[in-house]
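Bear in mind the structure is a predicted one, so any value in this text is a computation, not a measurement. A note on names: the letters A, B, ... follow the listed sequences, proteins ahead of strands, and every chain is numbered from 1.
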There are 2 protein chains.
Amino acid sequence: MTNSVESRTSDRKPGTRRRADGEQSRRAILRAAAELASVEGLEGLSIAALADRVGLSKSGLYAHFGSKEELQLQTIEAAREVFAEEVVRPALAEPPGLPRLRALAHRFLEHVERGTFPGGCFFASVGAEVDSRPGPLRDRIAAIHRDWSGQFERCLVEAQASRDLESRADPRQVAFEVMAMLAGAHQSFLLQGDRTALERAKAGIEVVLESHSARR
Amino acid sequence: MTNSVESRTSDRKPGTRRRADGEQSRRAILRAAAELASVEGLEGLSIAALADRVGLSKSGLYAHFGSKEELQLQTIEAAREVFAEEVVRPALAEPPGLPRLRALAHRFLEHVERGTFPGGCFFASVGAEVDSRPGPLRDRIAAIHRDWSGQFERCLVEAQASRDLESRADPRQVAFEVMAMLAGAHQSFLLQGDRTALERAKAGIEVVLESHSARR
DNA sequence: CCTACCGATCGGTAGG
DNA sequence: CCTACCGATCGGTAGG
C-alpha cells in the first residue's frame with residue numbers, strides 16, 4: 001500500500017477524500033457562481049458574495065481561482081457543461097435532422113422553464129451583458145453561441161439530405177429563424193413571466209419549418 | 001404680459017434661459033446616462049462615472065435626481081422618448097396593418113444598426129439585466145415591452161380587417177413570431193457583430209407573414 | 001484554506 | 001450647483 005493514510009481513512013469513511021474534496025468544492029463553487037451570475041451578471045458576481053454563499057472566505061476563493069476574470073471564465077465553462085448535459089447531449093440521442101433540431105429547441109425551452117439557472121438561460125443573460133464589452137469574456141460567450149448555432153445548422157443540412165427541408169432553403173437562414181423563436185421566448189418568459197411564450201416558440205418553429213418544408 | 005421677467009430676459013439674450021438651461025442640462029445628462037446604461041447596465045451606471053462624463057460633480061447629479069434609483073427610472077423614460085421618436089413615431093405615419101408593422105420592424109433594425117445606443121437597443125440590453133430582478137425598474141421595462149408588443153398586435157388585427165392576414169390567425173402568436181425575429185437579430189448583431197442578421201430578420205418576418213397570409 | 005489588511009470606488013449626505 | 005466628507009463594499013494581497 002503506497003497510500004496508507006488515505007487507505008486507512010477509507011477504511012473508516014469510504015472514498016479518497018482529499019483531492020476529491022478539492023475538485024468537488026471547486027465544482028460547487030462554480031455552480032453557485034453560475035447561478036449568481038445568471039441573475040447579477042458576470043460583473044455583478046462579487047467574490048465576497050460568492051464566498052459567503054459557499055461558506056468560504058474571499059481568500060479561499062482566490063486560492064482556487066486567482067483573479068475575478070479567471071473565476072468568470074471558469075464559471076462560463078461550468079455553465080457550458082450544465083447546458084451540454086441538460087440540453088445538447090440528450091438531443092444528440094435523437095436521430096439527425098428535424099427530430100434532433102426539435103429536441104434541441106424543446107430541451108432549451110424546458111431548461112429555461114425549469115429554472116436550472118435562476119436568471120434563465122445563462123448564455124442569453126450573460127450574452128446580453130457582455131455583447132458590447134470587448135474582451136475574453138465576450139469572445140468565449142460568442143464562440144459558445146456559434147457552436148450552439150452550428151448545432152441547428154447541421155440538423156438543417158441533414159434535413160435537406162433526407163428531403164425534410166427544401167433544397168433551395170439556406171440552412172443558416174432557417175437556423176436563424178428557429179433560434180430567434182428561442183430568443184423571443186426567453187425574453188417574454190423572463191420579463192413578463194409569460195409561460196405561454198414557450199408554447200408560442202414551439203408553434204413558431206413549426207411555422208418556420210413548414211414554410212421551408214420540401215413536403216408542402 | 002403675465003411673464004415680464006422672462007420676457008425681459010429674452011429682450012437681451014434670446015430664449016428663456018434659466019429654466020431652459022436646467023431642462024437642457026437634465027436632458028443631456030439623461031441622454032448620456034442612457035448611452036452608458038445600454039453598455040454597463042442600469043446597475044453598472046455609476047453616478048461618479050456619469051458626473052465625469054457630463055462635466056458635473058456627483059452632488060450636482062444628486063441635485064437633479066436625488067437617488068440612483070430615481071436616476072435609473074428617469075433614464076428609462078429618456079430612452080423611451082428616443083425610441084419613440086426614432087422608431088415608433090415614424091412608423092405610425094405608415095398606413096395601419098402590414099405596412100405599419102413592417103415599418104416598426106425595419107425602423108427597429110435600423111435603430112440597432114445605427115448604434116443610437118452603443119449597447120444596441122436600450123430595452124433589449126437593460127431588459128435582459130432586470131428581467132430576473134423584481135422591482136420598479138423591471139416593472140417599468142416590462143410595461144414598455146408590453147406597449148411595444150401591443151403596437152405589433154394592433155397592426156395584425158388591422159391586417160385581419162383588411163384581409164392581409166388570415167382570420168383564423170392569432171395576432172398575439174404572429175406578433176410573438178415577428179418580435180422574435182427582432183430579438184434574434186439583436187442578439188446575433190451584438191454578440192457576433194453579424195450585420196447579415198438584420199437582413200435575416202427581415203426575411204424571417206416575411207416568412208412568418210406569408211405563412212399567416214390570407215392570400216396564399 | 002484563514003485573518004487582517006490595502007487603495008479605490010460605491011451611493012449618499014452636510015453645509016454652503 | 002460645489003467641496004469635503006461618511007460607511008460599506010469592491011478586487012486583491014501579505015503572511016501564515
Side-chain angles (χ1 to χ4, degrees), chain A residues 5-6 9 15-34 36-37 39-76 126 129-130 133 135-138, chain B residues 9 13 16-34 36-37 39-76 126 129-130 133 135-138:
Chain A
V5 175
E6 300 224 340
T9 304
T16 51
R17 275 311 193 81
R18 227 164 326 180
R19 291 198 49 153
D21 276 7
E23 187 51 27
Q24 206 175 314
S25 145
R26 190 182 153 277
R27 292 173 74 91
I29 294 166
L30 289 176
R31 178 62 189 248
L36 264 174
V39 174
E40 309 291 340
L42 281 172
E43 223 53 51
L45 171 65
S46 109
I47 288 169
L50 177 59
D52 221 61
R53 175 84 96 84
V54 297
L56 291 184
S57 68
K58 271 170 53 184
S59 72
L61 287 191
Y62 276 98
H64 278 284
F65 306 104
S67 74
K68 178 164 184 181
E69 186 172 279
E70 193 53 42
L71 169 65
Q72 291 169 320
L73 286 166
Q74 292 193 38
T75 298
I76 291 171
V126 164
E129 180 191 9
V130 303
R133 302 175 179 220
L137 299 179
R138 181 189 134 132
Chain B
T9 305
K13 299 168 191 174
T16 50
R17 273 312 192 82
R18 226 165 326 182
R19 292 197 46 152
D21 274 8
E23 187 50 28
Q24 205 174 314
S25 145
R26 189 182 153 277
R27 291 172 74 91
I29 294 166
L30 289 176
R31 179 61 189 248
L36 263 175
V39 174
E40 309 290 339
L42 282 172
E43 223 54 50
L45 171 66
S46 109
I47 288 169
L50 178 58
D52 221 61
R53 177 83 96 84
V54 297
L56 292 183
S57 68
K58 271 170 54 182
S59 71
L61 288 190
Y62 276 99
H64 278 284
F65 306 104
S67 73
K68 180 164 183 180
E69 187 173 276
E70 194 51 42
L71 169 65
Q72 291 169 320
L73 285 166
Q74 293 194 37
T75 298
I76 292 172
V126 163
E129 180 191 9
V130 304
R133 302 178 180 218
L137 300 178
R138 183 189 132 132

Working for side chain to side chain contact (heavy atoms under 4.5 Å, CB included), residues A/Arg26 and A/Phe65 | CA-CA 9 Å; A/Arg26 190 182 153 277; A/Phe65 306 104; 4.2 Å; yes
Where along residues 57-64 of chain A does a heavy atom fall under 4.0 Å from DNA chain C?
-> A/Ser57, A/Ser59, A/Gly60, A/Ala63, A/His64
What pairs with B/Glu70 under side-chain hydrogen bond (donor to acceptor under 3.5 Å, both in side chains), at least two apart in sequence or on another chain?
-> B/Gln74
Can any side-chain N or O of B/Ser57 pair as donor or acceptor with the backbone N or O of B/Gly60 at less than 3.5 Å?
-> yes
Separation between CG of B/Leu45 and CG of B/Leu71, rounded to the nearest 0.5 Å = 5.5 Å
Atom pair OG1/CG of B/Thr75 and B/Leu137 - distance to nearest 0.5 Å = 9.5 Å
Taking any atom under 4.0 angstrom from a heavy atom of chain B, which nucleotides of DNA chain D are the first and last to qualify, 5' to 3'?
-> D/dC1 to D/dT3
If you write DNA chain D from 5' to 3' in dot-bracket form, with Watson-Crick or G-U pairs under 3.5 Å, [ ] for crossing pairs and | for pairs with another strand, what do you get?
-> ||||||||||||||||
Please test B/Ser25 against B/Ile29 for side chain to side chain contact (heavy atoms under 4.5 Å, CB included), starting from the C-alpha separation and ending with a verdict.
-> CA-CA 6 Å; B/Ser25 145; B/Ile29 294 166; 3.8 Å; yes
CG (B/Leu42) and CD (B/Glu129) are apart, to the nearest 0.5 Å, by 5.0 Å
What distance do A/Leu61 atom CG and A/Ser67 atom OG have between them, rounded to the nearest 0.5 Å?
-> 12.0 Å
With sequence neighbours excluded, tell me which residues meet salt bridge (charged side-chain N to carboxylate O under 4.0 Å, His left out) with B/Arg31.
-> B/Glu35
Quick one: list whatever passes salt bridge (charged side-chain N to carboxylate O under 4.0 Å, His left out) with A/Arg133, sequence neighbours left out.
-> A/Glu43, B/Glu40
So which of residues 42-50 of chain A are in contact with DNA chain C, with a heavy-atom cut-off of under 4.0 Å?
-> none
Members of residues 66-74 of chain B that approach DNA chain C, where some heavy atom sits under 4.0 Å away = B/Ser67, B/Lys68
Qualifying residues under side chain to side chain contact (heavy atoms under 4.5 Å, CB included), relative to A/Ala48, sequence neighbours excluded = A/Ser46, A/Lys58
For a quick test of your reading: what N or O donor-acceptor pairs under 3.5 Å do the side chains of residues 49-56 of chain A make, sequence neighbours left out?
none

